[in-house]
Undergrad: 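After the structure tokens below, expect a handful of questions from me.
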Amino acid sequence: MRFLNSLFHTTVVDRDFTTLLAEEDSYAGKNSGFALSCIDGMLLGVYEYSPMDGSSYLTLPPSIADRKAVINPQNIDLECFKWAILAKHVPSVNSFRVGANYFSEEHRYDFSTISVPTPVSEIILFERANPDTSINGYGCFTSFDDRPLRYKLHGEEALARHRLVCGTHKPILPILPPEGSTLEFTTLCKTQRLPFVMYADFEALLVKSAQRYGVNTEALHTHHPMSYGFMVVAADGVPAELMEQFGIKRSPIVFHGSETVDDVAKRFVMDMAEKISKLLKTVNVSIVMTARTE
């Protein structure tokens, strides 16, 4: 077993190192101007995989139980998923205790396709066996009882963390577009042809920041522009002499900042945006609205 573990670790490290080399080549090819000099070290985090599944009865903390809003069937077996499903059909009197009141309702669903304790991956099997039933599962990756756990929080500390992370957020259901669908612009009649279009791209450095926005938001980094590139494309009817008159080049332009020229964004505005603005103000003709077009 020790040999197998060593072989597994060697394979994983070799695979990840190959991935890093590939990312280095990809990054160097993006014209960023940066190059990887060396790797000072590597931090490898190893965690025990604990898949979420059902188990037996767990006592709820008083802050949840006292609300009288949660049915927590008290069973002594590993069929907690079954009792949670049947709880809605059991009268509220003694619904917290699993007995004949639950056994008499087992005929309502087909539980033959799932195992016990029931893992999350088998919920889909239960739904297929019961087409009129849909299950919403909410996972909690902490334990609220006082049993000490090695790899995750427990007890009141876990409950406090759970409230901090999940208490202020409502459950959401992401709705994705149908598979194979595409986004298409169809209202071409509402478009207007423009004499110029500018294609521009900025490269920026991530500068550490401690600026706060309100009470709950803190900016960890700010984007500091370091270079830009752009190209102005004119419509077919725009004469080249007009472009030259206002100092607007049609070829791609790339600018890199330096210690003397640090305000790259301001340089971009002065270099191109103001020139195009002056050109448009010179050649643009005001639109005359008639009673029909209004």
Undergrad: With no hydrogens and no angle check, is any side-chain donor or acceptor of N130 less than 3.5 Å from a backbone partner on T133?
TA: no
Undergrad: Look at the side-chain heavy atoms of Ile, Leu, Val, Met, Phe, Trp and Tyr, link any pair under 4.5 Å apart, and say whether M243 and V197 land in one connected group.
TA: no
Undergrad: Between V98 and P73, which heavy-atom pair has the shortest distance, and what is it?
TA: CG2-CB, 3.7 Å
Undergrad: Would you please test D77 and W83 for side-chain contact (heavy atoms from CB on, under 4.5 Å) and show each step?
TA: CA-CA 10 Å; D77 52 26; W83 312 132; 3.1 Å; yes
Undergrad: To the nearest 0.5 Å, how far apart are NZ in K249 and CD in E244?
TA: 11.0 Å
Undergrad: Counting only heavy atoms from other residues, nucleotides and ligands, does the tally under 6.0 Å from NE2 of H221 exceed 12?
TA: yes
Undergrad: If hydrophobic clusters are built from ILVMFWY residues whose side chains come within less than 4.5 Å, do I253 and F246 share one?
TA: yes
Undergrad: Assess the residue pair N75 and C80 against the criterion (side-chain contact (heavy atoms from CB on, under 4.5 Å)); give the C-alpha distance rounded to whole Å, side-chain angles, the decisive distance to 0.1 Å, and a yes or no.
TA: CA-CA 7 Å; N75 61 309; C80 61; 4.3 Å; yes
Undergrad: Nearest heavy-atom pair of I71 and A87: which atoms, and what distance?
TA: CG2-CB, 3.9 Å
Undergrad: Starting at NE2 of H107, measure out to CG of D110 and round the result to the nearest 0.5 Å.
TA: 13.0 Å
Undergrad: Nearest heavy-atom pair of A234 and R250: which atoms, and what distance?
TA: CB-NH2, 4.0 Å
Undergrad: So how far is it from T191 OG1 to F185 CZ, rounded to the nearest 0.5 Å?
TA: 6.0 Å
Undergrad: To the nearest 0.5 Å, tell me how far I248 CD1 sits from L242 CG.
TA: 7.5 Å
Undergrad: Are there more than 12 heavy atoms of other residues, nucleotides or ligands under 6.0 Å from atom CZ of R108?
TA: yes
Undergrad: Between V254 and M226, is there shared hydrophobic-cluster membership here, with clusters defined by ILVMFWY side-chain heavy atoms closer than 4.5 Å?
TA: no
Undergrad: Are H223 and L206 close enough, and set up right, to give a side-chain contact (heavy atoms from CB on, under 4.5 Å), and what steps lead you there?
TA: CA-CA 5 Å; H223 287 73; L206 287 179; 3.4 Å; yes
Undergrad: Please report the interatomic distance CD(E79) to OG(S115), rounded to the nearest 0.5 Å.
TA: 10.5 Å
Undergrad: Describe, in one word, how the ring planes of Y109 and H89 are oriented to each other, choosing from parallel (under 30°), tilted (30 to 60°) and perpendicular (over 60°).
TA: tilted
Undergrad: Please say yes or no: joined through hydrophobic side-chain contacts below 4.5 Å, possibly via intermediate residues, are F81 and I124 part of one cluster?
TA: no
Undergrad: Over all heavy atoms of both residues, which pair between A210 and E218 is shortest? Give the atoms and the distance, please.
TA: CA-OE2, 4.2 Å
Undergrad: Count I, L, V, M, F, W, Y as connected when their side-chain heavy atoms are under 4.5 Å apart, and connections chain through other members. Are I85 and L125 then in the same cluster?
TA: no
Undergrad: Between R97 and N101, what is the shortest heavy-atom contact and its length?
TA: O-ND2, 3.2 Å
Undergrad: Should the heavy atoms of other residues, nucleotides or ligands under 6.0 Å from CG of L183 be counted, would the total exceed 12?
TA: no
Undergrad: Rounded to the nearest 0.5 Å, how far does CD of E127 lie from OG1 of T113?
TA: 10.5 Å
Undergrad: Within the side chain of Y199, is there an N or O that forms a donor-acceptor pair under 3.5 Å with the backbone of G229?
TA: no
Undergrad: Counting neighbours of CZ on R212 that are heavy atoms of other residues, nucleotides or ligands and sit closer than 6.0 Å, is the number greater than 12?
TA: yes
Undergrad: For the residue pair F202 and Y228, does the interplanar ring angle fall in the parallel (under 30°), tilted (30 to 60°) or perpendicular (over 60°) class?
TA: tilted
Undergrad: Heavy atoms only: give me the nearest F111-E106 pair and the separation to one decimal.
TA: CE1-O, 4.0 Å
